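The shown structure was predicted, so the numbers you read here are calculated from the model rather than taken from an experiment. Here is the naming used below: chain letters follow the sequence lines, and residue numbers restart at 1 for every chain.
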Amino acid sequence: MKLSKSFVPTLKEVPADAVIPSHVLMIRAGLVRMLSAGIYSFLPAGYKVVKKISDIIRKEMDAVGGQEFHLPALNPKEIWEQTNRVEAFGDTLFHIQNRDYVLAPTHEEIMAYHAKGELKSYKDMPQMWYQIQTKFRNEARPRSGVIRGRQFLMKDAYTFDKSWEDLDVAYAGLEKAYRNIFDKCGIKYFVVGAASGAMGGSKSEEFMVQSDAGEDTVAYCEETGYAANVEVAQSIVEGAKRCDESKELEEIHTPDVKSIDELCEFLKIDETQCAKSRVYIHDENPVLVLMLGNDEVNEMKLDSVLGGQVRPGHAEELKEITGADAGSIGPIGFKHRIIADLRLKDANNMFSGANKNSYHIGGIDFQRDVEKVEYFDLRTVQTGERTINDDGTLEVFKAIELGHIFKLGTKYSEALGATFIDEDGKEKPIIMGSYGIGVERVMACYLEQNHDERGIQWNKELAPFHIHLLGLNMKKENVKETSEKLYNELKQTGYEVLFDDRLDASAGFKFNDADLMGMPVQVVVGEKGLKEDSVEIKVRKTGERFSVKLNELSDKLKEILG
RNA sequence: CGGGGCGUAGCGUAGUCCGGUCAGCGCGCCUGCUUUGGGAGCAGGAGGUCGCAGGUUCGAAUCCUGCCGCCCCGACCA
């Protein structure tokens with residue numbers, strides 16, 4: 001492709017609205033332009049990358065028996081009502097105003113709809129269906145460029161099986177395919193065992209990429225490969241020590257002491273001698289949650305312990321329930337349910353609030369003074385803690401979810417009546433699996449991981465072009481001739497070539513644009529080199545530069561690009 | 001949806017507090033000449049309803065009200 005005739009609008013300056021590197025680079029390198037919040041147009045070079053990623057995915061999906069569909073984005077609302085997901089998605093689902101359609105945010109329903117009545121016998125399975133298409137979600141807050149958009153490209157696959165054992169086989173196949181896909185794309189990722197979540201199902205794994213732009217927080221152990229969402233992650237942490245002798249309860253005047261740190265400072269004690277109190281409202285009833293020291297309550301863990309509706313109590317409620325404000329609340333005299341983190345189990349000589357402003361109580365013995373307390377794992381793990389098997393150290397960081405595979409089960413097949421007749425002659429719901437990959441996220445994550453201060457560093461697999469050919473001074477006859485000739489030869493050889501043949505752009509301008517756009521290899525044709533019948537090669541990733549005789553160029557490129 | 005920030009030429013911005021040569025600068029763009037190995041030089045030029053709509057005022061980018069849009073934090077996230 002000749003740059004002089006192409007639309008690749010590069011930008012020297014950083015766009016005001018872009019914050020994370022991938023977003024900045026996509027705009028600066030002329031790959032995308034925003035149309036509206038969370039809605040992006042892919043420009044020719046950017047779309048080439050999207051197509052390359054899609055092709056990698058397609059190839060791996062086909063290799064494990066996937067069959068590609070092309071499904072409507074416009075769906076009858078009725079189908080979505082049958083699975084109760086119009087309500088479940090709520091405002092996230094786009095509705096069409098002048099017809100009872102919705103814009104599909106995913107395609108479980110539609111795939112199950114087609115399976116219904118067609119996959120009638122156990123002999124019709126297994127099946128693996130997929131699509132790579134645009135999904136629509138009315139995200140309340142689109143963010144981080146293409147990472148969370150209102151419209152995005154997703155590969156989603158669905159498996160249909162007659163038994164849970166067969167689902168296991170399909171699931172394992174997809175997991176392998178996913179690893180191949182991300183490996184091929186050159187992305188450093190890890191796999192997290194996720195909570196099955198609202199969609200139900202028995203097993204679910206997320207393919208994650210470490211990034212500050214991520215929306216999930218995970219605990220990861222390099223040594224063991226342990227990875228879990230912090231919502232469920234566990235670690236080994238020492239509990240509070242139980243002393244041989246329990247002291248008497250004593251009320252202590254603690255003016256202006258609110259936080260655990262202030263309490264420790266005031267009483268000259270360690271935070272592991274303190275029980276922090278948080279009051280939650282569980283289905284209208286107050287629950288006191290006690291944590292050791294400054295440990296944070298993990299509300300996801302709390303949710304799953306309590307079930308039902310759980311929310312933190314408001315300031316006014318706290319006063320009404322305990323008689324004190326936040327900062328002076330504690331277990332002694334608390335009249336409702338009390339639960340505590342495992343680290344507090346059987347602790348004694350502890351300090352906590354007195355349920356009376358400006359007072360705390362010392363000498364609390366959980367065995368003696370807090371009779372009906374129940375213990376659960378309620379804390380959020382932190383960087384540096386040991387893994388649950390004590391075989392590694394955890395690191396907690398933000399991550400982007402790139403892909404998600406899970407065993408769906410029969411939720412959709414049951415709701416839509418997608419059943420089959422099994423070997424035993426009985427009618428059963430088809431067992432489904434669901435597997436997604438965010439295509440633009442793959443691109444964004446790649447960029448997050450592969451750039452430097454000058455721009456993008458594409459690998460051969462994802463690069464819009466393999467070779468960036470620069471004709472430095474195109475007004476010089478020999479440069480023009482040689483570069484034109486090389487352009488044709490390289491294309492002939494089978495390389496995808498971006499040819500900077502612009503007449504008036506200066507050498508420096510072209511170099512900088514090439515580094516920004518980041519093709520794996522740059523071939524520089526200039527007067528200087530031509531005097532010795534050579535051109536210069538620059539490997540973008542390493543920054544390595546060397547000159548090559550024209551007649552050796554072909555071999556050298558083969559060596560670098562394979 | 002809560003909190004914060006922002007909206008001035010294609011891009012990046014100054015000016016907004018304290019109304020009145022404030023519509024300015026850099027990049028980009030157009031014309032000509034020179035230039036071409038790390039974002040060229042000179043000369044000339046085009047381009048802005050200051051997000052939109054009301055209001056206050058002799059006078060509004062600037063003050064007031066409403067709306068729209070965008071970014072960030074949080075909530076939400078199949």
Once you apply the 3.5 Å cut-off to both distances, tell me the Watson-Crick or G-U wobble partner of [N], or none.
N: B:U62; value: none
N: B:C77; value: none
N: B:C25; value: B:G12
N: B:G32; value: B:C42
N: B:G19; value: none
N: B:G69; value: B:C6

Without decimals, in angstroms, what is the distance between [X] [atom1] and [N] [atom2]?
X: A:M300; N: B:A75; atom1: CE; atom2: P; answer: 12 Å
X: A:K510; N: B:G38; atom1: NZ; atom2: C1'; answer: 13 Å
X: A:F136; N: B:C77; atom1: CZ; atom2: P; answer: 22 Å
X: A:E13; N: B:C25; atom1: CD; atom2: P; answer: 16 Å
X: A:R141; N: B:G2; atom1: CZ; atom2: P; answer: 14 Å
X: A:I39; N: B:C70; atom1: CD1; atom2: C1'; answer: 13 Å
X: A:M34; N: B:G10; atom1: CE; atom2: C1'; answer: 15 Å
X: A:R545; N: B:G38; atom1: CZ; atom2: C1'; answer: 8 Å

Just checking [X]: base, sugar-phosphate only, or nothing, at a heavy-atom cut-off of under 4.0 Å?
X: A:K475; result: base
X: A:D515; result: base
X: A:R28; result: base
X: A:K135; result: nothing
X: A:V479; result: nothing
X: A:R311; result: nothing
X: A:D504; result: nothing
X: A:A505; result: base
X: A:G436; result: nothing
X: A:L503; result: base

* **Check: B:G37 base within 3.5 Å donor-acceptor of A:E527 side chain** => no
* Check whether the side chain of A:R454 and the base of B:G39 form a donor-acceptor pair under 3.5 Å. => no
* Is the charged tip of A:K538 near the ring of A:F546: under 6.0 Å from the six-membered ring centre and within 45° of its axis? -> no
* Cationic tip of A:K407 within the cone over A:Y171's six-membered ring, i.e. under 6.0 Å and within 45° of the normal? -> yes
* Asked: Can you tell me if A:Q127 and A:T159 form a side-chain donor-acceptor pair at under 3.5 Å?
  ->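 Judged by distance alone, the side chains do not pair up.
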* Is the shortest side-chain N to carboxylate O distance from A:E527 to A:K531 below 4.0 Å? ->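 No salt bridge links A:E527 with A:K531.
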* With a 4.0 Å cut-off, would you call A:E296 and A:K276 a salt bridge? ->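 Looking at A:E296 and A:K276, the cut-off is met.
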* Determine: side-chain N/O of A:S506 to OP1/OP2 of B:A40, distance under 4.0 Å, yes or no. =>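 Answer yes for this pair, as a side-chain N or O of A:S506 is under 4.0 Å from OP1 or OP2.
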* Structure fact -> Which of A:H70, A:E68, A:K155, A:H107 passes side chain to side chain donor-acceptor pair (under 3.5 Å) with A:Q131? Answer is A:H107
* To do: Please figure out whether A:F511 or A:F152 has its closest RNA chain B nucleotide nearer the 5' end.
  =>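 The 5'-side residue here is A:F511.
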* Pairwise 5' ranking along RNA chain B for A:V535 and A:T106, keeping only the more 5' one -> A:V535
* **Over 12 non-hydrogen atoms of neighbours within 6.0 angstrom of OH in A:Y113** => no
